[in-house]
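To keep things clear, I will list the structure first and then write my remarks on it.
We name chains A, B, ... by the order of the sequence lines, and we start the count at 1 in each one. Quick note: numbers below take in every heavy atom, side chains included, and nothing from hydrogens, waters or symmetry partners.
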Number of protein chains: 2
Amino acid sequence: METENIISFREAKACPIQFVLAVNDTLNVISGKWKLPIIGSLLFEKRRFTDIQRNISKITPRMLSKELKDLEMNGMVKRTVYDTTPITVEYELTESGKLLSDVLDKMLEWGIQHREATIAKN
Amino acid sequence: METENIISFREAKACPIQFVLAVNDTLNVISGKWKLPIIGSLLFEKRRFTDIQRNISKITPRMLSKELKDLEMNGMVKRTVYDTTPITVEYELTESGKLLSDVLDKMLEWGIQHREATIAKN
DNA sequence: TATACTGATATACTTTTGTATACTAACAAT
DNA sequence: ATTGTTAGTATACAAAAGTATATCAGTATA
């Protein structure tokens with residue numbers, strides 16, 4: 001079995017290249033026009049496909065399908081199929097997905113401070 | 001004078017749409033293939049154009065120039081021209097730009113926890 | 001029998017983003 | 001006179017990301 005190449009927070013912080021690579025991993029999980037709206041939509045409740053589609057009014061089924069697949073592949077979202085008629089499919093955030101809200105909160109905090117800081121300079 | 005449409009952390013958290021929009025503002029500032037490497041390169045010291053280019057080996061001057069302009073426009077980077085021969089131009093993070101490291105640290109932390117969480121599930 | 005619901009997929013297209021490669025001005029040193 | 005340094009720009013192209021629109025299978029209801 002191969003040794004997993006896990007890096008500690010301290011190691012990554014010490015090396016600029018490792019730091020950028022590791023942060024980039026996180027960034028890639030939420031990159032793309034629709035990932036954040038989808039995560040936002042699932043942050044407080046499970047939802048079904050059509051439900052999400054209604055919630056994010058301008059998304060096409062093609063994009064929703066594709067982005068949900070990406071999120072599932074990246075361990076952000078769990079997909080459950082129920083054998084009803086017609087079938088229903090439920091999407092929900094994984095534990096790790098829910099934890100992302102800590103990051104989003106920090107981003108929100110910085111975004112607000114940044115807007116104030118840049119407006120102040122005009 | 002118009003009223004600035006500043007939203008508080010509490011207000012943004014309470015409304016999913018405002019939340020997504022505000023987080024997206026932050027995300028847009030660091031989006032693109034080269035923004036993070038550039039910010040990383042400037043995180044601990046000022047640097048000149050050619051200096052950054054050497055630091056990020058695969059970036060073309062076209063992209064470096066473009067991304068630096070974006071970052072400057074967004075209030076992330078300050079550009080200072082020195083009238084030497086040949087001229088030298090120094091790039092450095094603004095105060096707000098430096099504060100972004102708080103966000104990046106959170107992303108790093110989450111990224112590491114997420115990698116461990118998803119590997120554990122195999 | 002026709003229509004509607006579920007959760008998608010197929011095809012073709014446009015827009016955005018990034019790359020490759022060559023080039024510029026202004027001056028200095030060789 | 002040629003070469004090197006600075007900090008970029010110009011042009012053309014390739015690749016990635018996103019959009020528009022139509023369609024599918026299976027079942028249920030009118």
Side-chain angles (χ1 to χ4, degrees), chain A residues 20-21 23-42 45-74 76-93, chain B residues 20-21 23-42 45-74 76-93:
Chain A
V20 166
L21 288 176
V23 172
N24 221 16
D25 280 355
T26 303
L27 221 37
N28 285 337
V29 169
I30 52 179
S31 79
K33 184 170 175 183
W34 300 108
K35 298 252 170 63
L36 206 55
I38 292 170
I39 292 167
S41 173
L42 296 176
E45 43 185 336
K46 309 176 177 184
R47 281 178 196 271
R48 290 178 302 149
F49 190 90
T50 319
D51 200 9
I52 305 174
Q53 210 185 313
R54 268 189 290 260
N55 196 231
I56 306 173
S57 60
K58 311 230 155 176
I59 197 168
T60 62
R62 184 191 205 274
M63 286 312 286
L64 181 54
S65 172
K66 193 216 151 218
E67 299 288 60
L68 281 171
K69 264 182 201 158
D70 284 4
L71 288 168
E72 198 193 351
M73 253 193 26
N74 287 327
M76 283 290 295
V77 156
K78 192 188 160 206
R79 178 176 181 271
T80 315
V81 182
Y82 294 97
D83 194 11
T84 56
T85 56
I87 59 160
T88 49
V89 180
E90 226 172 43
Y91 291 94
E92 65 188 301
L93 293 183
Chain B
V20 166
L21 288 176
V23 172
N24 221 17
D25 280 356
T26 302
L27 219 39
N28 285 337
V29 169
I30 52 180
S31 80
K33 185 170 175 183
W34 300 109
K35 298 254 169 62
L36 206 56
I38 292 170
I39 292 167
S41 172
L42 295 176
E45 45 185 334
K46 307 175 178 187
R47 281 179 197 269
R48 289 178 303 149
F49 190 91
T50 319
D51 200 10
I52 304 173
Q53 210 185 313
R54 268 188 290 260
N55 197 233
I56 305 172
S57 60
K58 310 229 157 177
I59 198 169
T60 61
R62 183 193 205 274
M63 286 311 285
L64 181 54
S65 171
K66 193 218 152 217
E67 299 288 60
L68 281 170
K69 264 181 201 158
D70 284 2
L71 288 168
E72 199 194 349
M73 253 192 26
N74 287 327
M76 284 290 295
V77 156
K78 192 187 160 205
R79 179 178 180 268
T80 315
V81 181
Y82 294 96
D83 192 11
T84 55
T85 57
I87 59 159
T88 49
V89 179
E90 226 173 45
Y91 291 93
E92 65 188 302
L93 293 183

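Atom OH of B:Y82 and atom P of C:dA26 are 23 Å apart (whole Å). In this entry the distance linking CE of B:M63 with C1' of C:dT21 reads 15 Å, nearest Å. Protein atom CG of A:L68 is 11 Å distant from nucleotide atom C1' of C:dG7, rounded to whole Å. Rounded to whole Å, the distance from CD1 on A:I56 to P on D:dG18 is 13 Å. Distance B:L27 CG to D:dA17 P: 14 Å, rounded to the nearest Å. Computed from coordinates, the B:Q53 CD to C:dT21 P distance equals 15 Å when rounded to whole Å. Rounded to a whole Å, the CZ atom of B:R47 is 13 Å from the P atom of D:dA7. Taking atom CG on B:L64 and atom C1' on C:dT19, their separation rounds to 14 Å, with Å as the unit.
In terms of modelled atom types and a separation under 3.5 Å, the side chain of B:R47 and the main chain of B:S41 share a donor-acceptor contact.
Note on B:R62: a base of the nucleic acid sits closer than 4.0 angstrom, heavy atoms only. Across all strands, A:Y91 comes closer than 4.0 Å only to sugar-phosphate atoms, never to a base (heavy-atom distances).
The side chain of A:T60 places no N or O atom within less than 4.0 Å of a non-bridging phosphate oxygen (OP1 or OP2) of D:dT19. Note on B:T50: a side-chain N or O is less than 4.0 Å away from OP1 or OP2 of D:dA7. Taking side-chain N and O atoms only, B:S65 has a distance below 4.0 Å to OP1 or OP2 of D:dT9. Side-chain N/O atoms of A:R48 include none lying less than 4.0 angstrom from OP1 or OP2 on C:dA8. Phosphate proximity of C:dC5 to A:R54: absent, as no side-chain N or O sits under 4.0 Å from OP1 or OP2.
Mapping A:T85 and A:E67 onto DNA chain D by nearest heavy atom places A:E67 at the nucleotide closer to the 5' end. Residues A:I87 and A:K69 both approach DNA chain C. Their nearest nucleotides, taken by heavy-atom distance, put A:I87 toward the 5′ side. Both B:D51 and A:K66 sit near DNA chain D, but only B:D51 has its closest nucleotide nearer the 5' end.
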From CA spacing to verdict: side chain to side chain contact (heavy atoms under 4.5 Å, CB included), B:M76, B:I39
CA-CA 9 Å; B:M76 284 290 295; B:I39 292 167; 3.8 Å; yes
Between B:L68 and B:F49, does a side chain to side chain contact (heavy atoms under 4.5 Å, CB included) hold up when you go through it step by step?
CA-CA 9 Å; B:L68 281 170; B:F49 190 91; 4.0 Å; yes
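For A:K35 and A:E67, the salt-bridge test passes: some basic side-chain N is under 4.0 Å from an acidic carboxylate O.
Separating the CD1 atom in B:I87 from the OH atom in B:Y82 is a distance of 12.5 Å, to the nearest 0.5 Å.
Of all nucleotides listed (C:dT19, D:dT19, D:dA7), C:dT19 comes nearest to the side chain of B:K33.
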